[in-house]
Amino acid sequence: MGGFFRDVYCVVRMIPPGRVATYGQIATYLGSPHAARTVGWALGALPAGTSVPWHRVINALGRISASRSGHRADQQRAMLEEEDVVFDESGRIDLKKHGWKGPR
DNA sequence: CGTATGACGAGCC
DNA sequence: AGGCTCGCCATAC
């Protein structure tokens, strides 16, 4: 289709509120289990105010990785807490509890 | 067409 | 448990 990005956005849009998915999980779903970095790159290309729930995507450690070049990490955490996602003392999410199991 | 980049992941120390 | 290194993939230049 238009490209890998569009596919990434399509999958991210499927993630329901209160659930989170990892970059690798999305990459695997798209058929490229080793393209996790590219997934993160696709999300980083999203403009502010996008309809894509990019905040529901975190790394395999259950942690937010967006703090690199912008304070979006703080915003991401706030948005997730709005959806009842729980963070532990280390700022990590329990993927066993909030992890997205995929589309049904 | 070759090199560099990037919101990752798994392995090793 | 926490931090560092190498590997992988899809765009940009």
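Note on naming: letters A, B, ... go to the chains in the order of the sequence lines (proteins, then strands), and numbering restarts at 1 for each one.
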Please name the residue in the list Val12(A), Val57(A), Ile15(A) that meets the side chain to side chain contact (heavy atoms under 4.5 Å, CB included) test with Val52(A). Val12(A)
Between dT11(C) atom C1' and Leu43(A) atom CG, what is the distance in whole Å? 14 Å
Report the distance from atom CZ of Arg72(A) to atom CD1 of Ile64(A), rounding to the nearest 0.5 Å. 13.0 Å
To the nearest angstrom, the CZ-P distance between Arg92(A) and dC8(B) comes to 16 Å
Other residues, nucleotides and ligands only: do more than 12 of their heavy atoms fall within 6.0 Å of CG on Asp94(A)? yes
With a 4.0 Å cut-off on N to O distance, would you call Arg19(A) and Glu83(A) a salt bridge? no
DNA chain B-proximal residues of residues 23-42 of chain A, any heavy atom under 4.0 Å: Tyr23(A), Gly24(A), Ala36(A), Arg37(A), Thr38(A), Gly40(A), Trp41(A)
Gln75(A) CD - dA7(B) P separation (whole Å): 16 Å
Taking the side chain as every heavy atom from C-beta outward, state whether Trp41(A) and Phe5(A) have any pair of such atoms under 4.5 Å apart. yes
Take atom CZ of Arg63(A) and atom C1' of dG3(C), then tell me their distance rounded to the nearest Å. 12 Å
Of all the choices, dG9(B), dA10(C), dA7(B), which nucleotide is nearest to the side chain of Phe4(A) once you look at every atom? dA10(C)
Measure from CH2 on Trp54(A) to P on dG6(B) and round the result to the nearest Å. 18 Å
Is the Tyr29(A) ring parallel, tilted or perpendicular to the Trp100(A) ring (thresholds 30°, 60°)? tilted
Spacing of Asp7(A) atom CG relative to dC9(C) atom C1', expressed in whole Å: 14 Å
Between dG9(B) atom C1' and Leu95(A) atom CG, what is the distance in whole Å? 13 Å
